[in-house]
2 protein chains.
Amino acid sequence: MPQHLIDKLERFTRLSDEDRQVLKALARKVRLIEAGVDIIQEGDRPETVNLFLDGWACRYKQLEDGRRQIVAFFVPGDLCDIHIYVLREMDHAIAAITPVRLATVPREILLDTMDRHPRITRALWWESLVNAAIQREWTVNIGRRTALERLAHLFCELFLRLRAVGLAEGSTCPFPLTQLELADATGLTNVHVNRTLKEMRNAGLILLKSRQLTVPDLAALQKAALFNPNYLHLEREGAHLSANA
Amino acid sequence: MPQHLIDKLERFTRLSDEDRQVLKALARKVRLIEAGVDIIQEGDRPETVNLFLDGWACRYKQLEDGRRQIVAFFVPGDLCDIHIYVLREMDHAIAAITPVRLATVPREILLDTMDRHPRITRALWWESLVNAAIQREWTVNIGRRTALERLAHLFCELFLRLRAVGLAEGSTCPFPLTQLELADATGLTNVHVNRTLKEMRNAGLILLKSRQLTVPDLAALQKAALFNPNYLHLEREGAHLSANA
DNA sequence: CGTTATATTGATTTAACTCAATTAAAGTGG
DNA sequence: CCACTTTAATTGAGTTAAATCAATATAACG
């Protein structure tokens, strides 16, 4: 049940019952992947579109000499590039961070769905434009923010994304990333991430333990990060398309 | 005449004469923009898709305190996100670096074109997936490469992109970026860019003067950058769709 | 309960930044 | 075409944020 995707798309526009049924039908073929395993490897030929149902994953690229950069996180409700099969081969890999449950959507099914359901189509474009905006924001984050700002920014983003798919409770959300993964996502080293997290805890910006993140004061964290949520486009921007409005 | 776009799309798949005519028809409404001027500002409501015909531009984001990050360069033949109008407002700005000539393509025309011409549609998806791949590669570049590697990588990328649209002659291509713009694109300072360029010149990796870049030994530059061109997907990946094949 | 992965801390180094000045180049109006 | 102004490039000196290297400590796991 791609409830998280449905929740997310409803941050863009209200869906009809039929829309929701159609989205549910996308998640027919489910795959389970263990933590730490590559879901797709560089060089693979993409055949289907992945829809993440449960668990966390990441896109990453690795340089010849081993340096690794995580370029995106996938959380429940996220969808890989909907036209990925146009490319001959993957230029990067996707790995499961936790155990992952995902639906593999055959391209024909997705294309057919988009042919028939313009509101869903629009919502999926929105999803993919938001992902592009996130990728740009990561470029800014790594290029122009300090270590503390980078981590604070990432926490803000993930907290809001998780909240948008119904996975935050109050000021707490699941957060299964290790410090090494945080380092690889922010362009820092694990040692420096450790020191910066300590500083953030001391400043009362975050609580982080047993794979849970608590943000006691979101406004304060946003301020520390120079975080502007506009790039997530979560403000019902497609309200004019809403079903049952 | 969007010849550069046509050249680029033909790096993906061969087009028919009709395809080319259709693409030419996209460039009906042309706008001229002076160097240094914003083409789109943060907060603007995107109404049309921009197709760059001549000149260079950049996407950038600016933090409240003035820090600026360029997140992408546009060169002739580049197209803004083809579904940008789905979003309510721009979360970043686009500025002309040199004088720019661009076509503004109304969404209806673009959608209609895509409805009728599946080969063009595929080629446009390819274009947009390549742009996403470039954005990811920039994240890697800034996150995990040294200053020299970052600049070398950017030079490799832009050289290949310009060559793909017919704008390189031998080992030389136009290169109108200032050192400040290079700094804002690579997450460095202008001073450090200056020193790093000096080092690259001394190493014989590049010649850079009067807004022209010469790469005497592309393989050497690629090696210095840990550059893998696979993310540009320039190897006729859509050969199976080719017209007149 | 031992083993492996993850987190933490200290000491030291370094790549890149900052601040400040100078030089060179590009544009502008008389 | 030349003075003038502005923008861009260059260089030096000193600083710093983050990296590196190395060791423990703690937590998770089979």
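Numbered from 1 within each chain, the chains take letters A, B, ... in sequence-line order. Quick note: numbers below take in every heavy atom, side chains included, and nothing from hydrogens, waters or symmetry partners.
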Is any side-chain nitrogen or oxygen of B/Asn194 closer than 4.0 Å to OP1 or OP2 of D/dT10? yes

Checking contacts here: which listed nucleotide (D/dT11, C/dG10, D/dA19) is nearest the side-chain heavy atoms of A/Val191? C/dG10

Identify whether the distance between the nearest side-chain nitrogen and carboxylate oxygen of B/Arg59 and B/Asp78 falls below 4.0 Å. no

Taking only the side-chain nitrogens and oxygens of B/Arg201, find out if one of them lies under 4.0 Å from OP1 or OP2 of D/dA9. no

Closest approach to the side chain of A/Gln179, judged atom by atom: which nucleotide of D/dT10, C/dT8, D/dA18 is it? C/dT8

Round to the nearest Å and state the distance from A/Asp65 atom CG to D/dT20 atom P. 11 Å

Calculate the interatomic distance between A/Arg145 atom CZ and D/dA18 atom P; express it in whole Å. 13 Å

Can you check whether A/Arg68's main-chain N or O pairs, donor with acceptor, with B/Arg144's side chain at less than 3.5 Å? yes

Within less than 4.0 Å of OP1 or OP2 of D/dA18, is there a side-chain N or O belonging to A/Thr189? no

From CD of A/Glu199 across to P of D/dA17 the rounded distance in Å is 10 Å

Parallel, tilted or perpendicular: which one describes the rings of B/Phe155 and B/Phe175, with boundaries at 30° and 60°? perpendicular

Evaluation steps, side-chain contact (heavy atoms from CB on, under 4.5 Å), between A/Arg67 and B/Leu226: CA-CA 11 Å; A/Arg67 278 175 280 177; B/Leu226 290 90; 3.7 Å; yes

What contact category does B/Thr196 fall into here, base, sugar-phosphate, or nothing, at under 4.0 angstrom with non-hydrogen atoms? nothing

Here the distance between atom C1' of D/dT26 and atom CG of A/Leu197, to the nearest Å, is 16 Å

Nearest-nucleotide check on DNA chain C, A/Thr178 vs B/Leu188; residue mapping nearer the 5' end is A/Thr178

Calculate the interatomic distance between A/Asp184 atom CG and D/dA19 atom P; express it in whole Å. 11 Å

How is A/Gly36 classified with respect to the nucleic acid when contacts are heavy atoms under 4.0 Å: base, sugar-phosphate, or nothing? nothing

Using a strict 4.0 Å threshold on nitrogen-to-oxygen distance, state whether A/Glu127 and A/Arg11 make a salt bridge. no

Whole-Å distance, B/Arg195 CZ to D/dG14 P, equals 13 Å

Gap between atoms CE and P, on B/Met200 and D/dT10 respectively (whole Å): 13 Å

By nearest atom, which of the nucleotides C/dC17, C/dA7, D/dA18 is closest to the A/Ala147 side chain? D/dA18

In this structure, how many angstroms lie between the P atom of C/dT22 and the CG atom of B/Asn190, rounded? 18 Å

Closest nucleotide among C/dA16, D/dA18, C/dA7 to the A/His192 side chain: D/dA18

Do the side-chain N or O atoms of B/Lys198 get closer than 4.0 angstrom to the phosphate oxygens (OP1, OP2) of D/dT11? yes

